[in-house]
Amino acid sequence: MASLRTLRTGRAALLLAGLLLVPLLPPCAASCPEKDLEDREEEANVVLTGTVDEIFNVDPVHNTYYCKVRVWRYLKGKSSINREILLDGGNKVTIGGFGNPRICDNQVATGDTRIFFLILDPEAVGPDHKNELMLNSSLMRITLRNLEEVEHCVE
C-alpha cells in the first residue's frame with residue numbers, strides 16, 4: 001500500500017512541476033512568426049527536397065553552420081543551379097544559413113530529410129562563396145500534404 005501512495009505522490013509532483021514550468025516556456029507562434037507558404041516560395045530562388053549528409057563550418061560564436069545536402073528533387077529553380085554549386089557528381093549541394101536567428105525552424109541533424117527554401121546568396125563575396133545557396137525560410141518536414149502544398153505554390 002505504501003508503494004501505491006508513493007506512486008501517487010510522485011505523479012502529483014510531476015504534474016505540479018509541469019504546470020509550474022509551462023508558463024516559463026516561450027509561446028511558439030509569438031516568438032517566431034512565419035510568413036505564409038506562398039510568400040516563402042515566392043522569395044526562394046530554389047526549392048528542393050533533400051537529406052542532410054554532413055554538417056560543417058560550425059561557428060561557435062554565432063551558432064551558425066553549413067550542410068552538405070543530398071538532393072532528391074528540385075521543386076523550383078533547378079535551372080539556376082550551375083555546375084559550380086553541385087558536388088559529388090551533381091546530386092549534392094552545400095547550403096549555409098543554418099542557425100540564423102531570423103529563420104524560425106532552421107536546425108537539422110545528419111540524416112534529416114526536409115524541404116529547403118533557398119536563395120543564391122546575394123551578399124556572398126570572394127571565390128570561396130561564389131554562387132552559394134543559403135537557407136531563406138523555415139525548413140518543412142516531408143509529408144504528402146506539405147509536398148502537395150509546396151508543389152501547388154510553385155505551379
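Residues Asn91 and Val71 have side chains not in contact (no heavy-atom distance under 4.5 Å, counting atoms from C-beta outward). Counting heavy atoms from C-beta outward, Ile81 and Val46 have side chains that approach closer than 4.5 Å. A 4.5 Å side-chain heavy-atom check between Ser137 and Lys35 finds every atom pair outside the cut-off. Two residues are said to be in side-chain contact when any heavy atoms from C-beta on lie closer than 4.5 Å; Phe117 and Leu75 fail this criterion.
Both Leu37 and Ile142 belong to a common hydrophobic cluster when Ile, Leu, Val, Met, Phe, Trp and Tyr are linked at side-chain heavy-atom distances under 4.5 angstrom. Under the 4.5 Å side-chain heavy-atom criterion for ILVMFWY residues, a single connected hydrophobic cluster contains both Leu133 and Ile103. Hydrophobic clustering (ILVMFWY, side-chain heavy atoms < 4.5 Å, transitive): Val69 and Val108 are in one cluster. Linking Ile, Leu, Val, Met, Phe, Trp and Tyr residues whenever their side-chain heavy atoms come within less than 4.5 Å places Leu147 and Val47 in a single cluster.
Contact check on Glu54 versus Lys92 returns no salt bridge, with no Lys/Arg side-chain nitrogen under 4.0 Å from an Asp/Glu carboxylate oxygen. For Arg70 and Asp53, the salt-bridge test passes: some basic side-chain N is under 4.0 Å from an acidic carboxylate O.
Every residue meeting the side chain to side chain donor-acceptor pair (under 3.5 Å) condition with Thr51, not counting sequence neighbours, appears here in chain and number order: Trp72, Thr113. Every side chain to side chain donor-acceptor pair (under 3.5 Å) that Lys76 has, sequence neighbours left out, goes to Glu41.
The CG atom of Asn136 sits 6.0 Å away from atom CD of Glu43, with the distance rounded to the nearest 0.5 Å. Taken to the nearest 0.5 Å, the CG atom of Asp105 stands 10.0 Å off from the CE atom of Met140. In this structure, OH in Tyr74 is found 10.5 Å from OG in Ser79, a value given to the nearest 0.5 Å. With rounding to the nearest 0.5 angstrom, the CG atom of Asn45 is 6.0 Å from the OG atom of Ser80. Rounded to the nearest 0.5 angstrom, Asp112 CG and Leu139 CG are separated by 8.5 Å. To the nearest 0.5 angstrom, Ile115 atom CD1 is 7.5 Å from Thr49 atom OG1.
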(message) I'd like to know whether Val52 forms a side chain to side chain contact (heavy atoms under 4.5 Å, CB included) with Phe116, so could you lay out the CA-CA distance, the side-chain angles of the two residues, the decisive distance to 0.1 Å, and finally the verdict.
(response) CA-CA 11 Å; Val52 177; Phe116 298 85; 4.2 Å; yes
(message) One pair to check against side chain to side chain contact (heavy atoms under 4.5 Å, CB included): Thr94 and Leu87. What are the steps and the verdict?
(response) CA-CA 8 Å; Thr94 297; Leu87 307 169; 3.1 Å; yes
(message) Run Arg114 and Arg141 through side chain to side chain contact (heavy atoms under 4.5 Å, CB included) and show every step you take.
(response) CA-CA 5 Å; Arg114 300 284 188 268; Arg141 294 194 181 277; 2.8 Å; yes
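Legend: ring pair (Phe, Tyr, Trp, His ring centres under 6.0 Å) pairs involving residues 86-108, not counting sequence neighbours, sorted by first then second residue: Tyr65-Phe98. Annotation: salt bridge (Lys or Arg N to Asp or Glu O under 4.0 Å) contacts involving residues 94-104, sequence neighbours excluded, are absent.
Other cluster members for Leu144: none, since no ILVMFWY side-chain heavy atom sits under 4.5 Å from it.
In this structure a side-chain-to-backbone donor-acceptor pair under 3.5 Å is present from Asp59 to Val61.
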Under 3.5 Å, which donor-acceptor pairs do the side chains of residues 148-155 form with other protein atoms, sequence neighbours left out?
unit_1 : atom_1 : unit_2 : atom_2 : d
Glu149 : OE2    : Arg145 : NE     : 3.1
Glu151 : OE2    : Arg73  : NH1    : 2.9
Glu151 : OE2    : Arg73  : NH2    : 2.3

